Protein chains: 2
Amino acid sequence: MPLPSASVTVDLVVLTIRDRALHVLLVERGVEPFAGAWALPGGFVLDDEDLAEAAYRELAEETGVAHGIHLEQLRTYGAPGRDPRGHVVTVAWLALAPDLGEPAAGSDAAGARWWPMDDVAAGRVPLAFDHAGIVADGLERARAKLEYSSLATAFCPPEFTVAQLRAVYEAVWGVSIDPRNFHRKVTGTPGFVEPTGGTVAEGAGRPARLFRRGHVTTLVPPLTRAEP
Amino acid sequence: MPLPSASVTVDLVVLTIRDRALHVLLVERGVEPFAGAWALPGGFVLDDEDLAEAAYRELAEETGVAHGIHLEQLRTYGAPGRDPRGHVVTVAWLALAPDLGEPAAGSDAAGARWWPMDDVAAGRVPLAFDHAGIVADGLERARAKLEYSSLATAFCPPEFTVAQLRAVYEAVWGVSIDPRNFHRKVTGTPGFVEPTGGTVAEGAGRPARLFRRGHVTTLVPPLTRAEP
DNA sequence: GAAATAGTGTCTATTAGACAGTATTCT
DNA sequence: AGAATACTGTCTAATAGACACTATTTC
């Protein structure tokens, strides 16, 4: 093909909530460049493969799960010199998952683990390539979309309680939210969540009703990120 | 480079408002594939060129202007077969501009013109590649971002009246907005727009005050898209 | 009973939406 | 004067935020 060419990769910002805190999935690179550093899971897009297909493939390789995980395109990065191997353009994807347990290391990775977002965002984890910026962009996207969408349910299992959903907002935004007003807002928006009829008891206290996500995906007016 | 490779292009969804209606910039393709069809302005990303740099270069080639135009990355498209020449991944950008007058045709284009968005969105203009979908995505992005951001000012010259700004919303959303409530919302949000002190008379009626965009870029609560 | 969590009710300050009314220009 | 547009003020229904209270469980 007589056209300018580059390599195209996908990289995944996979977020989940563990122990009431936001975590991001990182792999330890086993090969150069940046061997030993932590990086976003990802890899090359194969010929005749769609970008979303490549993202789902990499997601399944690292987490062992492909269904029930929210995946959306984040942004594409192609600054010259971002990869020492040459002209590499990467399409970054944002994935939001319920707590999946420990990840499986991929082929090129020495290991994989969930890192607390606080540590990563503060620069306490050395990241390869321009992945620190990609993580920051993914975090900001997630935070912004929680305000006006039902995206928070992507962090929850299929059936969840209002308290679980509230814990998502508190973990992603790093704030505390009044449980009573949150309950009223979430259950009072028709179609946002639907009661399943079941209940679940978490230790002491009145058992909570279970909900599943509804068909309404936008929240108007949005929830606002207030101070802690 | 022993890695999978593809060609990377940028394509631009350039929107403007002419005659109180939203328009999109299209070029008539002069070469195969899709010679004679209309397409988004764009081209190949050069080696050692950043994606944003390529987008600005193409924008300047088509419009003759590069400064004062809002440009943001839209989405990347890479479905197999989207380009008959081979594996071509395109990074689409959304550009919003004040009325620029007639465009200049680029090198590969037989002609360039502003098309009414109504005609393009309704499928009345034959578009090359997957560009119809890209235009639709760009339109939806623009419509959504007007709600909660000061993006509408990107369609206006540096100094504008409240009525001009309102005309942007009406053109992009295809609705009519109460001028009095709009005025109160826009001028009542501190830092959203700032009066320049000047006024301008447009035909009959009291002269309107001029504003420039302020430093506040988010609108909370957002404006809502109501019915006409 | 005490403690803990779930869920409901009430009050208030704010505001979106509707629209009457005033101000300033051109013809 | 009359028409047109810019801008301001007022009313009302809705609601976010604050928080008291009730309900249901475990220890």
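Note that the coordinates shown come from a computational prediction; the quantities given were computed from them, not determined experimentally. Each chain gets a letter, A, B and so on, in the order the sequences are listed, and its residues count up from 1.
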Closest to side chain of Pro221(A), choosing from dG17(D), dA16(D), dC7(D)
dA16(D)
What is the distance, rounded to the nearest whole Å, between atom CD of Glu202(A) and atom P of dT24(D)?
19 Å
Can you tell me which nucleotide in dT5(D), dA16(D), dC19(C) comes closest to the side chain of Arg180(B)?
dC19(C)
Distance check needed: dA6(D) P versus Lys185(B) NZ, whole Å only.
21 Å
Kindly state whether the ring of Tyr77(A) and the ring of Phe129(A) have centres lying under 6.0 angstrom apart.
no
Counting heavy atoms from C-beta on, name the nucleotide in dG17(D), dT8(D), dT24(D) closest to the side chain of Pro207(A).
dT24(D)
Nearest to the side chain of Arg184(B), which nucleotide is it out of dA6(D), dT10(D), dT10(C)?
dT10(D)
Whether His183(A) contacts dT8(C) is assessed here as follows: a side-chain N or O lying under 4.0 Å from the phosphate OP1 or OP2. Is that the case?
yes
Taking side chain as C-beta onward, heavy atoms only, is Val91(B) less than 4.5 Å from Gln73(B)?
yes
Among dA23(D), dT8(C), dT26(D), the nucleotide that comes nearest once only the side chain of Ala204(A) is considered
dT26(D)
Whole-Å gap separating P (dA23(D)) and CZ (Arg209(A)):
15 Å
Go through dC7(D), dG17(D), dT24(D) for me and flag the one nearest to the Arg206(A) side chain.
dT24(D)
Is any side-chain heavy atom of Lys185(A) less than 4.5 Å from a side-chain heavy atom of Leu223(A)?
yes
Measure the distance from CG on Leu165(A) to P on dG7(C) and round it to the nearest whole Å.
12 Å
So which one's nearest nucleotide on DNA chain D is more toward 5', Gly205(B) or Phe211(B)?
Gly205(B)
Could you check whether Glu61(B) pairs with Arg57(B) (Lys NZ or Arg NE/NH1/NH2 to Asp/Glu carboxylate O, under 4.0 Å)?
yes
What is the distance from CG of Leu219(A) to C1' of dA16(D), rounded to the nearest Å?
12 Å
Options dA6(D), dT8(D), dA18(C), nucleotide nearest the side-chain atoms of Asn181(B):
dA18(C)
Rounded to whole Å, the CZ-C1' distance (Phe182(B) to dT5(D)) equals 16 Å
Go nucleotide by nucleotide along DNA chain C from the 5' end; which of Gly203(B) and Pro222(B) gets its closest nucleotide reached first?
Pro222(B)
What integer distance in Å separates Arg166(B):CZ from dC7(D):P?
10 Å
Nearest-Å distance for atom pair OH/C1', residues Tyr169(B) and dA16(C):
15 Å
Can you check whether Thr161(A) has a side-chain N or O nearer than 4.0 Å to OP1 or OP2 of dG7(C)?
no
On DNA chain C, does the nearest nucleotide to Val220(B) precede the nearest nucleotide to Asp178(B) from the 5' side, or the other way round? Give the residue.
Val220(B)
What nucleic acid atoms does Ala201(A) come within less than 4.0 Å of, heavy atoms only: base, sugar-phosphate, or nothing?
nothing
Suppose we call two aromatic rings close when their centres sit under 6.0 Å apart. Are Phe155(A) and Phe160(A) close by that rule?
no
Sub-4.5 Å side-chain heavy-atom contact between Val172(A) and Ile17(A)
yes
Are OP1 or OP2 of dT24(D) and a side-chain N or O of Thr199(A) less than 4.0 angstrom apart?
no
